[in-house]
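These notes concern the structure reproduced below.
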Amino acid sequence: MDNEKVFRMDFGKIYDALLNKAARKGRTKAEVDEIICWLTGYGTEDMEKARTSNLCYGGFFRNAPALNPNRTLIKGAVCGVRVEAIEDPLMREIRCLDKLIDELAKGKPMEKILRKQEEPATWVCPKCGRSFRKKGQDHYCGKAPETIEEYIISQSEDVQPYLHQVNGAIKGSIPAAKEKISWSMPTYWKGRNLIQFAAFKRHIGLYPGPEAVEAFANRLTDYKTSKGTIQLPYNKRLPLELIAEIAAWCEANG
């Protein structure tokens, strides 16, 4: 399944599916909640609010208060793909949760599901500096961009002009917002993530949140949208004025 489709799924529905999977094997809601909270840093009350809201699955993870550092110990295959080999960082976090619930349903005890400490590294990649247990272990090797400009120049030359235009529209609209990289995406932040964007094969993904998408729905009919996401295809003229208005709305309605 396309990553974007997974990110757009309703978190409440995903939660119900995960709970049903565990319950069929005699595991409890409390155990499912403990796993999700351990992985993401949400409290049970905030997680419950997210479950009953219109938050999409990608948004649930993007807004996670504190991803557990020991999640790097989660290994193994989900849907035929090894978790540690997934390159997209957001999809990797999602599959980590899938893997933990799989372990729960298979009867693994909670004390083993919730990884307690980092395992010792035996090999450090000389290119990216990441540590692994096995020498020469396959992995995504590359330095993550630290600024929006670094992110843009790391993309293909034909995509860079589009990213510069989107970034310029947002920056010009909310100049007081801080620029940062969050979830490997260019982000404008002001006490919280206001708006994010990212390059994909056929479009730029704009992430202003579900409330903004709903507020501008009548002006987004020419674009594919979902909860919190707007797709801006490269074969259409970028709606820069609209992007600027959306960014300003995000700042004013946080």
Side-chain angles (χ1 to χ4, degrees), residues 3-4 7-8 11 39-43 46-47 49-50 53-69 71 87-94 128-129 142-156 159-200 203-216 220 223 225-232 238-254:
N3 286 2
E4 280 292 308
F7 300 158
R8 293 194 299 268
F11 170 66
L39 179 63
T40 63
Y42 282 101
D46 287 337
M47 187 192 67
K49 289 179 180 178
S53 71
N54 292 323
L55 190 65
C56 64
Y57 204 15
F60 177 75
F61 275 93
R62 292 189 189 98
N63 296 329
L67 291 166
N68 196 304
R71 72 192 188 284
E87 294 186 5
D88 186 296
L90 182 54
M91 180 56 72
R92 186 165 60 246
E93 307 297 356
I94 287 173
C128 67
K143 180 179 179 296
E146 297 180 356
T147 66
I148 292 179
E149 186 62 28
E150 286 182 6
Y151 175 91
I152 292 176
I153 64 177
S154 71
Q155 305 301 315
S156 61
V159 169
Q160 289 181 29
Y162 296 95
L163 294 171
H164 278 300
Q165 291 180 64
V166 171
N167 187 49
I170 296 173
K171 186 174 183 177
S173 179
I174 50 175
K178 180 182 177 181
E179 300 179 33
K180 61 187 290 188
I181 297 294
S182 178
W183 287 98
S184 300
M185 293 188 293
T187 301
Y188 279 82
W189 184 91
K190 196 174 181 181
R192 62 183 179 85
N193 286 350
L194 299 178
I195 189 168
Q196 299 173 288
F197 63 94
F200 294 92
H203 70 275
I204 291 175
L206 189 67
Y207 303 95
E211 293 83 3
V213 173
E214 182 177 352
F216 288 86
L220 292 169
Y223 302 93
T225 64
S226 62
K227 294 177 180 178
T229 304
I230 304 167
Q231 291 188 16
L232 306 172
L238 288 172
L240 299 178
E241 291 184 3
L242 178 57
I243 293 170
E245 288 184 45
I246 292 172
W249 186 95
C250 292
E251 182 181 42
N253 293 272

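Small disclaimer: the values here were computed from a predicted structure and weren't measured.
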Any donor-acceptor pair under 3.5 Å from Y207 side chain to A198 backbone: no

Nearest heavy atoms of T229 and V213, plus distance in Å: N-CG2, 3.8 Å

Partner residues of [X] under the side chain to side chain donor-acceptor pair (under 3.5 Å) criterion, sequence neighbours left out:
| X | answer |
| --- | --- |
| Q231 | none |
| T187 | Q196 |
| N167 | Y188 |

Any residue meeting salt bridge (Lys or Arg N to Asp or Glu O under 4.0 Å) with R62, in chain and number order, not counting sequence neighbours: none

Full working for side chain to side chain contact (heavy atoms under 4.5 Å, CB included) between Q155 and L163: CA-CA 9 Å; Q155 305 301 315; L163 294 171; 3.5 Å; yes

Salt bridge (Lys or Arg N to Asp or Glu O under 4.0 Å) contacts in which one or both residues fall within residues 176-185, not counting sequence neighbours: K171-E179

Steps toward side chain to side chain contact (heavy atoms under 4.5 Å, CB included) verdict (H164, E149): CA-CA 9 Å; H164 278 300; E149 186 62 28; 3.5 Å; yes

Criterion side chain to side chain contact (heavy atoms under 4.5 Å, CB included) on Y57 and I94, from CA distance to verdict: CA-CA 8 Å; Y57 204 15; I94 287 173; 3.5 Å; yes

Approximate separation, where rounding is to 0.5 Å, of Y162 OH and I204 CD1: 8.5 Å

Set of side chain to side chain contact (heavy atoms under 4.5 Å, CB included) partners for A176, sequence neighbours left out: K190, E251

